[in-house]
Amino acid sequence: MTIFLCGFMGCGKSTIGGLLAKKLGCGFCDTDELVVKNQGMTIPEIFAQKGEPYFRRIEAETVKSLCGKNTVVACGGGAMLNSDTATAVKENGGAIVYLNVPFEECYSRIKGDTNRPIVMNNSKEQLEEIYNNRRDVYMKNSTVMIEAVGSPNEIAKNITDIIR
């Protein structure tokens with residue numbers, strides 16, 4: 001089974017995903033890292049040279065290519081905003097786990113992160129508006145929502161208990 005972790009930037013998808021993969025005895029990958037590797041450019045370079053719509057298309061293709069693999073996938077913050085991508089995941093037997101973390105916690109982790117064009121191009125207030133707009137979409141497109149509070153190990157264990 002493929003388990004896709006989604007949620008706002010800084011919610012812990014990569015950290016929790018690596019721990020979850022170990023607990024489940026399967027592989028782990030991060031879609032942002034795959035996009036960077038396959039494009040030979042950083043995310044800020046992709047946004048600057050090719051634009052966000054191009055990045056989102058490549059991101060969706062990357063997610064779809066992972067369907068059916070025995071792995072945990074940390075999706076970029078915008079990956080599961082695309083309902084076609086979420087539908088493709090579900091149709092291929094994948095589970096989408098939304099890691100719900102309060103905005104202030106996410107913001108404390110991402111503020112000033114120069115590798116996140118959306119963070120660098122928006123104020124805290126604008127980021128909170130993006131967070132609020134994405135929340136309903138994450139909930140609609142996910143299989144299950146986890147209140148991702150506590151240690152990363154505790155959260156990974158909670159997801160393991162739900163998945164099994």
Side-chain angles (χ1 to χ4, degrees), residues 2-24 28-36 41-48 51-56 58-60 62-63 66 71-86 89-90 94-163:
T2 314
I3 300 168
F4 294 87
L5 302 180
C6 75
F8 197 66
M9 300 171 282
C11 72
K13 297 177 296 281
S14 297
T15 300
I16 293 164
L19 295 168
L20 179 60
K22 286 179 185 171
K23 287 183 184 307
L24 296 173
F28 170 74
C29 63
D30 182 306
T31 60
D32 284 347
E33 290 177 8
L34 291 174
V35 168
V36 166
M41 299 184 335
T42 66
I43 293 171
E45 289 170 339
I46 296 169
F47 268 63
E52 185 175 357
Y54 175 84
F55 174 80
R56 295 295 174 207
I58 297 302
E59 180 180 55
T62 301
V63 168
L66 296 166
T71 193
V72 173
V73 180
C75 295
M80 289 303 166
L81 297 176
N82 181 331
S83 61
D84 291 338
T85 304
V89 167
K90 291 175 187 175
I96 303 170
V97 178
Y98 167 37
L99 301 178
N100 186 27
V101 174
F103 172 75
E104 289 296 332
E105 181 68 25
C106 291
Y107 184 73
S108 73
R109 297 173 184 171
I110 63 173
K111 65 183 175 190
D113 187 339
T114 59
N115 198 44
R116 299 177 191 266
I118 292 173
V119 171
M120 297 313 297
N121 295 325
N122 289 281
S123 67
K124 179 180 181 182
E125 293 75 21
Q126 290 168 315
L127 289 169
E128 188 167 15
E129 184 176 337
I130 293 167
Y131 170 93
N132 290 330
N133 291 335
R134 288 182 174 189
R135 190 171 194 280
D136 289 339
V137 180
Y138 292 142
M139 290 181 68
K140 181 183 120 203
N141 288 339
S142 63
T143 310
V144 65
M145 182 199 50
I146 299 285
E147 294 294 339
V149 293
S151 76
N153 272 316
E154 291 169 335
I155 297 164
K157 182 185 179 314
N158 290 343
I159 296 169
T160 303
D161 294 343
I162 290 169
I163 296 298

Beyond-backbone contact of [X] with [Y], side-chain heavy atoms, under 4.5 angstrom:
| X | Y | value |
| --- | --- | --- |
| Tyr138 | Leu81 | yes |
| Arg116 | Ile43 | no |
| Ile118 | Glu52 | yes |

Drop me the distance from [X]'s [atom1] to [Y]'s [atom2], to the nearest 0.5 angstrom.
| X | Y | atom1 | atom2 | answer |
| --- | --- | --- | --- | --- |
| Cys11 | Ile146 | SG | CD1 | 11.5 Å |
| Ile58 | Leu34 | CD1 | CG | 12.0 Å |
| Ile96 | Cys6 | CD1 | SG | 6.5 Å |
| Asn100 | Cys106 | CG | SG | 8.5 Å |
| Leu5 | Ile16 | CG | CD1 | 7.5 Å |
| Met9 | Ile130 | CE | CD1 | 6.0 Å |

Discussion item. Please evaluate residues Leu24 and Ile3 with respect to the criterion side-chain contact (heavy atoms from CB on, under 4.5 Å), reporting the C-alpha separation (whole Å), side-chain torsions for both, the decisive distance (0.1 Å), and the verdict.
Written reply: CA-CA 10 Å; Leu24 296 173; Ile3 300 168; 3.4 Å; yes
Using modelled atom types only, decide if a donor and an acceptor are shared between the side chain of [X] and the backbone of [Y] within a distance under 3.5 Å.
| X | Y | result |
| --- | --- | --- |
| Lys13 | Gly7 | yes |
| Thr31 | Gly76 | yes |
| Glu154 | Ser151 | yes |
| Lys90 | Asn141 | yes |

Please find the pair of heavy atoms, one from [X] and one from [Y], that lie closest to each other, and give the distance.
| X | Y | answer |
| --- | --- | --- |
| Phe28 | Ala21 | CB-CB, 3.7 Å |
| Asp32 | Glu59 | OD1-OE2, 4.1 Å |
| Cys29 | Leu66 | SG-CD1, 3.7 Å |
| Met80 | Cys75 | CE-SG, 3.9 Å |
| Asn82 | Ala60 | ND2-CB, 4.3 Å |
| Arg135 | Tyr98 | CG-OH, 3.3 Å |

Fill in: For Glu33, side chain to side chain donor-acceptor pair (under 3.5 Å) partners two or more places apart
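Counting only residues at least two positions away or on another chain, Glu33 forms no side chain to side chain donor-acceptor pair (under 3.5 Å).
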Discussion item. More than 12 heavy atoms of other residues, nucleotides or ligands under 6.0 Å from CD of Glu45: yes or no?
Written reply: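 Yes, because the 6.0 Å sphere around CD of Glu45 holds more than 12 heavy atoms from other groups.
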Discussion item. Heavy-atom count check: over 12 atoms from other residues, nucleotides or ligands less than 6.0 Å from Lys157 NZ?
Written reply: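 Open.
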Worksheet item: Among all residues two or more places apart in sequence or in another chain, which pass the salt bridge (charged side-chain N to carboxylate O under 4.0 Å, His left out) test with Arg134?
Response: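 Testing Arg134 for salt bridge (charged side-chain N to carboxylate O under 4.0 Å, His left out), a comparison that skips the adjacent residues, returns none.
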Worksheet item: With sequence neighbours left out, what residues match Lys111 under salt bridge (charged side-chain N to carboxylate O under 4.0 Å, His left out)?
Response: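 If we apply the salt bridge (charged side-chain N to carboxylate O under 4.0 Å, His left out) test to Lys111, skipping adjacent residues, there are no hits.
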Discussion item. I need the single residue from Val72, Val97, Asn153, Asn158 that forms a side chain to side chain contact (heavy atoms under 4.5 Å, CB included) with Leu20. Which is it?
Written reply: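 Per the side chain to side chain contact (heavy atoms under 4.5 Å, CB included) rule, the option paired with Leu20 is Val72, out of Val72, Val97, Asn153, Asn158.
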Worksheet item: How are the rings of Phe103 and Phe8 set relative to one another: parallel (under 30°), tilted (30 to 60°) or perpendicular (over 60°)?
Response: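 The arrangement is tilted - the two ring planes meet at 30° to 60°.
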Practice prompt. Start with the C-alpha distance between Glu128 and Lys124, add both sets of side-chain angles, then the distance that settles salt bridge (Lys or Arg N to Asp or Glu O under 4.0 Å), and finish with yes or no.
Written response: CA-CA 6 Å; Glu128 188 167 15; Lys124 179 180 181 182; over 6 Å; no
Discussion item. Apply side-chain contact (heavy atoms from CB on, under 4.5 Å) to residues Val63 and Val89 and explain how you reach the verdict.
Written reply: CA-CA 8 Å; Val63 168; Val89 167; 3.8 Å; yes
